[in-house]
Enquirer: 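One structure is given below, represented as structure tokens, and several questions about it will come after.
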Number of protein chains: 2
Amino acid sequence: MAAKKTTARGEADRLSLICKAIRRAILERALLPGDRLPEDALGERFGASRTIARHALGQLAAEGLVDLRRNRMAIVAAPSFSDARDIFDLRIVLERQVVRHLAGKLSDRDVRQLQAIIAAEHDARHGADGTAIRLATEFHVALAEMTGKPILIRYVTEICYRAGLALSAFGRPHSSDCAVSEHLDLIEAIRSGPAERAADMMEAHLEAVASRALLQPSDARGRDLMNILAPYAAEPG
Amino acid sequence: MAAKKTTARGEADRLSLICKAIRRAILERALLPGDRLPEDALGERFGASRTIARHALGQLAAEGLVDLRRNRMAIVAAPSFSDARDIFDLRIVLERQVVRHLAGKLSDRDVRQLQAIIAAEHDARHGADGTAIRLATEFHVALAEMTGKPILIRYVTEICYRAGLALSAFGRPHSSDCAVSEHLDLIEAIRSGPAERAADMMEAHLEAVASRALLQPSDARGRDLMNILAPYAAEPG
DNA sequence: TCGCGCTAAAGTGCATGCACTTTGCAACTA
DNA sequence: TAGTTGCAAAGTGCATGCACTTTAGCGCGA
């Protein structure tokens with residue numbers, strides 16, 4: 001009973017495989033907002049049929065990472081500037097909640113796990129841009145997971161990916177440098193500090209990330225035609 | 001060009017049609033946690049094939065309303081007691097955020113719309129149980145929509161439906177009576193009050209709803225076998 | 001009477017096929 | 001040359017079919 005059919009091992013079915021791959025590609029900026037995601041190509045790339053690829057795109061659309069218009073090819077979502085701001089506002093209230101749950105309750109094992117991620121961030125800070133961004137996200141997701149609350153974990157994870165996408169739409173290439181020291185401070189505050197102080201620190205950290213990237217709204221690379229043309233639509237000539 | 005094919009009018013494609021129907025059925029307790037959702041029956045009921053029904057179930061699973069296990073029939077999700085508690089915790093932080101955005105900014109039109117919903121709640125308070133619950137939820141969703149922030153709206157709507165499901169799993173039949181007066185007070189606080197006071201009032205309201213329903217964990221109708229048996233697993237005999 | 005295995009019916013997992021829609025390109029026109 | 005029209009290639013929307021899995025019922029033995 002080693003292999004039942006062609007499939008055995010730890011194959012977590014191809015649907016979630018495709019979802020994971022696209023999520024990660026978006027997070028690491030291998031896929032950029034507006035990039036096309038044809039069903040056939042996707043399916044072929046992962047050895048599945050269009051049916052599966054289509055289903056995966058549906059899931060990702062539900063998570064806000066993919067834009068799905070009828071009869072048109074799916075594309076990586078291109079959040080507007082105000083979407084980006086709203087995503088970070090939401091991320092702040094969710095991660096404040098994470099920190100509140102964790103304050104004064106981190107086990108030594110937790111701390112070590114977080115420090116390992118930060119160490120990886122440190123190592124990656126001069127490597128590929130995408131790796132640094134992914135690790136920074138992993139830090140926040142790991143924090144959420146330490147609450148042990150599945151629902152909170154799900155929403156924080158989702159909003160973190162959407163935030164990554166938003167930064168990808170508006171952020172300048174080098175925006176995640178000092179994250180390492182901020183993350184270290186954060187651990188210390190959560191480990192020892194009172195809940196509200198730690199939560200405030202998380203908010204300050206996320207606000208800093210957002211404002212480093214989301215300063216000028218008209219930074220997008222020529223996309224968002226509707227917004228650009230809006231002022232011209234009212235007055236003719 | 002009246003009707004292009006068999007389909008015209010405002011048909012919002014059958015996928016979202018199925019999703020909406022199931023969401024509403026769950027909210028109104030026509031569908032209860034654990035109820036079976038076979039793909040064929042669903043498709044047939046809505047004049048679609050299994051492909052569409054399956055896709056719809058995927059979406060609903062992503063929203064946490066449906067439980068999808070491989071090779072097994074989909075069922076309405078049966079949140080555990082701690083899931084229910086977490087859902088309400090999350091709902092509180094999200095709706096506090098809604099209220100913060102809205103405090104002191106409700107237009108007369110907004111107030112009238114909210115009052116109309118409350119009036120409907122008042123009328124329905126002795127009718128079908130499901131209608132009252134649906135209207136109470138509509139009140140909260142309408143509030144979220146008044147922020148005009150699509151991302152916030154999406155998450156609040158989703159968590160409201162999940163909360164409805166959680167109440168369905170643990171709540172006693174008559175738990176939404178005094179909601180009317182609480183909702184009226186809430187409007188007044190949001191319209192006139194300072195943001196944090198209004199947010200506190202929203203928290204108190206949701207906490208009241210939760211504690212009215214989520215008092216005793218072992219209320220579930222014989223489900224949640226694992227939890228029930230947990231104390232017996234340790235000591236034999 | 002109660003458990004236990006076996007089998008048919010019901011259901012899921014997924015690829016494929018066909019009809020329809022969009023799109024890019026190229027020829028045509030002014 | 002620039003704009004427009006028409007057409008083929010590419011892509012989506014969806015139903016259906018087939019292989020595999022689960023499940024429920026039934027008969028059999030104890």
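The chains referred to below are lettered A, B, ... by the order of the sequence lines, with proteins before strands, and numbering in each begins at 1. Keep in mind that what you see is a predicted model, and the values were worked out from it rather than measured.
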Enquirer: So does B/L206 get a backbone contact from the side chain of B/R91, meaning a donor-acceptor N/O pair under 3.5 Å?
Expert: no

Enquirer: Mind checking side chain to side chain contact (heavy atoms under 4.5 Å, CB included) for B/T147 and listing every partner two or more places apart, or none if nothing turns up?
Expert: B/V98, B/H101, B/L102, B/K149, B/L152, B/I153

Enquirer: Using both pair distances under 3.5 Å as the test, note the stems of at least 3 consecutive Watson-Crick or G-U pairs that include DNA chain C.
Expert: C:1-30 with D:1-30

Enquirer: Whether the side chain of B/D110 engages the backbone of B/S107 through a donor-acceptor N/O pair (distance < 3.5 Å, no angle test) should be reported.
Expert: yes

Enquirer: Listing time: all N or O pairs from protein to nucleotides 7-14 of chain C that are below 3.5 Å?
Expert:
residue	atom	partner	partner atom	Å
C/dT12	OP1	B/E39	N	3.4
C/dT12	OP2	B/E39	N	3.3
C/dT12	OP2	B/D40	OD1	3.3
C/dT12	O3'	B/N71	N	3.4
C/dG13	OP1	B/N71	N	3.1
C/dG13	OP2	B/R54	NH1	2.3
C/dG13	OP2	B/R54	NH2	2.3
C/dG13	O3'	B/R70	NH2	3.1
C/dG13	O6	B/R50	NH2	2.8
C/dC14	OP1	B/R70	NH2	3.4
C/dC14	N4	B/R50	NH2	3.2

Enquirer: Quick one: does any side-chain atom of A/D86 pair with a main-chain N or O of A/D83 as donor and acceptor, under 3.5 Å?
Expert: no

Enquirer: With side chains defined as the heavy atoms from C-beta onward, is the minimum distance between A/V156 and A/Y161 less than 4.5 Å?
Expert: no

Enquirer: Between B/R36 and D/dA24, is there a side-chain N or O to OP1/OP2 distance below 4.0 Å?
Expert: yes

Enquirer: Using modelled atom types and a 3.5 Å cut-off, is there a donor and acceptor pairing between side-chain atoms of B/Q59 and backbone atoms of A/G58?
Expert: yes

Enquirer: Taking side chain as C-beta onward, heavy atoms only, is A/V76 less than 4.5 Å from A/D67?
Expert: no

Enquirer: Would you check if the side chain of B/R134 reaches a backbone N or O of B/L27 as a donor-acceptor pair within less than 3.5 Å?
Expert: no

